[in-house]
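Here's a structure for you.
As the structure is a computational prediction, the values presented were derived from the model and not from experiment. Just the heavy atoms: all of them, side chains too, but no hydrogens, waters or symmetry mates, feed the values below.
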Amino acid sequence: MNRILSFLIATLLLSCAHAAGVRVEFDPRRADIGPYPTDFQTIPDTRQVTGLRIQRPASPFFDFALDRTLNQLDGFALNTRITVKFSGAVQPETLRAGIHFLWLDPVQPERYHLQPAGHLTPINEVVYDPFTNRAFAKPDEAFEGARRYAVLITDAVLDRAGEPVTEDAGFRACLEKTIGGSYCVQLSDAVARYAGVLPPNRRIVGASLYTTLSATAFLERARDVVMRTPPRFLRGVQGIVNLSTLSGGLLRAEVGASGETEDVPFPASLSLLPATGVRRMAIASFRAPRFLDERGLLPETPTATEPVPLGEDEIEMTVYLPSSPMPPGGYPVLVAGHGFGDNRFGFPTVLAVGQLSSGYAVVSINAFGHGYGAGTTLVLTMAGGQELVLPARGRGIDRSGDGRITPGEGCVQTGAEAPVLTRDCVRQTAADLMQLLRVLREGVDLDGDGRPELNGARTSYIGQSLGAFYGTLLHAVEPDLRAATLNVGGGSALPTLLYGSGRGGELRAWMDRFGFTGLEAGPGLPFRYEPVRVLGNPLLAAWQDFLAALEWAEAPGAPASYAPHLKSATLPGVPIKRTLFQIARGDRTVPNPSNSLLVRSANMLESTSVYRHDLAVAQVRGLPANPHTFLAAIEPSAFSAAGFAAQQQAIIYMESADPVIPNVNGSLARYFPSPVFEVPTAYYEDLGYRP
């Protein structure tokens, strides 16, 4: 309270003391002035890893749930959007040269870090609002969690007359430590300590100090809980089913909250699978701690404390076994992570068709919120016409309350409870997969003959789309997962809502609810390395602030927050991870800028393979407009051939120690005369298609 009073008094005393010219305004009480973000909008909290908790005032453009969600976090987003307000108009083209991020000391010095204290990061994705004379930008590099940073504004920013901007009298008082209490002490000390890292003859005329949230803390501690929870493997009632005895099968999906069902076919007929090397299938289950509450949300737990499970779930797993003889110790395992709206009988079946001839078993579970309702069953038709009905429990939820359980509905959180996108769904699923890995390591005897069919010591992971999202979290935190392929994943779910096909309804509902009716969802947001975007509508800045808040709320479950731990800054006890990123040029579901955010955050461009769908469609007619599902394509075509080649590429890469990504273009010569797979030399920062 004292520091707030001191600012109020200082504002009155200094209001007439401003120098002539355009100033960098300084008021850390206000997010619309800042410079922002600022630790001035936090309070001490010893239960948090950072020692802080956000305490920001309510925004007129946010609902209560979003403000409440942000105020439970222990810091700001890693890919945070900064705000700098000027007292008059400036030249937008000078903003890049005049605003910098400064890396300060880490909160957890014992860990590996991306950059040393004193490192400067340029700004990118720069926006200028001429209606309020505010600049917005994001960092040009991946930031780490639980780290202190400063935003520095220098006199390289010029006003319309070409004169350097000047400091606010309040900022000078803060540097002199006459206002602002401990916040200004820390800010003043940081500016004094690192002023020499700036270009010569540049003077700091505005600054803020802030702390990023400890993004991975929940999942790190959730793993400790998982490791103490007995996995309790439960053999299926039917044991192993010989697929050669079947004439067909389908999923009888519970799609209604009152038990209504619909029949959903498999992507490939079960009776045809033996011809592709898929000889047997088993349904089993295990017990895993549940951290989500009845709303499908993770109760906010202080990040320095261990989360308390709210119960246990029995999670079913599907296992496909190859026709090749079982090696000593069991078959090597591919854990398959399915995409949004899919389930453990979708993409995992396609992967089994493509890879069981290589001698792998494919194991999968439903991501949280997927697989339809709990009453879903697997209906197998025997060669003689008899039906065998097995449980195929789904994890779907009627989130909207309309009585329907649509594919993936239970995963995305965009409503009034807490708009956190896929944040909690992917964290719970990653924790479930940690328990699955324990089950595999302890040995899985599917038929009760005393011999484990699965070799848990040889387990790799392939995740497609959403499976790459929660797969990134799993791979970064789980030390025992040796290799992973992350196919068409992204750094954040927000770009999918902004630019992806089929998910714009949530954004439109928010825009109507908060008075942004009439705006398009995406205009005014620049891609990286574009010229400074000057806004042409006074509502756009507030709309972009809202989107930045959504990205911040998602950050504890955003793959980009975890990606640095794959190689550059591994977590304690976790080795550098062998990882292959596969992306599709012109992806209309998870756009290329989101793919690039993930890869750039991991600093692993050399471990990336791009399916050049733009080159493919120039060679073959009839390919789909959206390449997002190429890895999961099953119908015989050039498109599915590209997916099969990508699967082969993933297997070879994960089994090898060779840093060179396998070139699979030769296997596609009958379809594509020219190569369609390549290792990129730069990040794709545009959409690659017309929205």
Side-chain angles (χ1 to χ4, degrees), residues 236-255 261-285 316-323 334-357 360-367 370-396 405-408 446 462-467 487 624 629-637 639-641 643-644 647:
V237 295
Q238 193 62 27
I240 298 177
V241 176
N242 189 334
L243 296 178
S244 63
T245 65
L246 303 181
S247 63
L250 53 83
L251 199 64
R252 187 149 291 157
E254 184 181 50
V255 297
T261 63
E262 290 179 5
D263 289 347
V264 178
F266 277 69
S269 173
L270 290 181
S271 62
L272 299 178
L273 293 187
T276 67
V278 187
R279 183 164 61 94
R280 296 177 295 167
M281 179 179 71
I283 305 294
S285 63
E316 290 186 352
M317 54 192 276
T318 302
V319 182
Y320 288 110
L321 297 171
S323 56
L334 290 176
V335 174
H338 66 76
F340 180 82
D342 196 8
N343 58 73
R344 59 190 170 102
F345 298 102
F347 165 66
T349 302
V350 176
L351 186 62
V353 169
Q355 298 308 319
L356 261 65
S357 60
Y360 289 87
V362 172
V363 179
S364 60
I365 66 171
N366 285 322
H370 286 75
Y372 305 100
T376 298
T377 57
L378 177 64
V379 181
L380 303 177
T381 305
M382 314 304 289
Q386 311 94 323
E387 284 192 348
L388 174 64
V389 180
L390 301 176
R393 186 182 299 111
R395 308 177 72 188
I405 304 174
T406 58
L446 294 167
I462 298 182
Q464 191 267 343
S465 191
L466 184 69
N487 178 271
T629 59
F630 78 98
L631 191 72
I634 190 70
E635 293 295 330
S637 65
F639 192 59
S640 62
F644 178 76
Q647 293 177 25

Side chain to side chain contact (heavy atoms under 4.5 Å, CB included) evaluation trace for L631 with F347: CA-CA 8 Å; L631 191 72; F347 165 66; 3.7 Å; yes
Q355: partners by side chain to side chain donor-acceptor pair (under 3.5 Å), with sequence neighbours left out: Q647, Q648
Sequence-distant partners of S285, side chain to side chain donor-acceptor pair (under 3.5 Å), two or more places apart: E314
Atom pair CG/CG of L250 and L380 - distance to nearest 0.5 Å: 8.5 Å
Pairs meeting criterion ring-ring contact (aromatic ring centres under 6.0 Å, His included) with involvement of residues 265-285, two or more places apart: F266-F345
Results of salt bridge (Lys or Arg N to Asp or Glu O under 4.0 Å) for R279 - residues two or more places apart only: none
T318 vs S364 side-chain heavy atoms within contact, under 4.5 Å: yes
Nearest-0.5 Å distance, CG of residue L351 to CZ of residue F644: 10.5 Å
side-chain contact (heavy atoms from CB on, under 4.5 Å) involving A383 - partner list, sequence neighbours excluded: none
All side chain to side chain donor-acceptor pair (under 3.5 Å) counterparts of T276, not counting sequence neighbours: none
All pairs passing side chain to side chain donor-acceptor pair (under 3.5 Å) where residues 370-389 contributes a residue, at least two apart: none
Set of side chain to side chain donor-acceptor pair (under 3.5 Å) partners for R252, sequence neighbours left out: D263
Rounded distance [0.5 Å steps], CD1 in I283 versus CG in L390: 6.5 Å
Check: F639 main-chain N/O paired with S637 side-chain donor or acceptor under 3.5 Å: yes
Backbone of A632 reached by a side-chain donor or acceptor of T629 within 3.5 Å: no
N343 side chain vs N366 backbone, donor-acceptor pair below 3.5 Å: no
Point-to-point distance, once rounded to the nearest 0.5 Å, from CD of E262 to CD1 of I405: 11.0 Å
Pairing residues for A352 by the side-chain contact (heavy atoms from CB on, under 4.5 Å) criterion, not counting sequence neighbours: V278, Y320, L356, V362
E316: partners by salt bridge (Lys or Arg N to Asp or Glu O under 4.0 Å), with sequence neighbours left out: R344, R393
Counterpart residues, side-chain contact (heavy atoms from CB on, under 4.5 Å), relative to S244 (two or more places apart): N242, P274
Straight-line distance of L378 CG to L251 CG, nearest 0.5 Å: 6.5 Å
Those residues that, when tested against S271, pass side-chain contact (heavy atoms from CB on, under 4.5 Å) (two or more places apart): S269
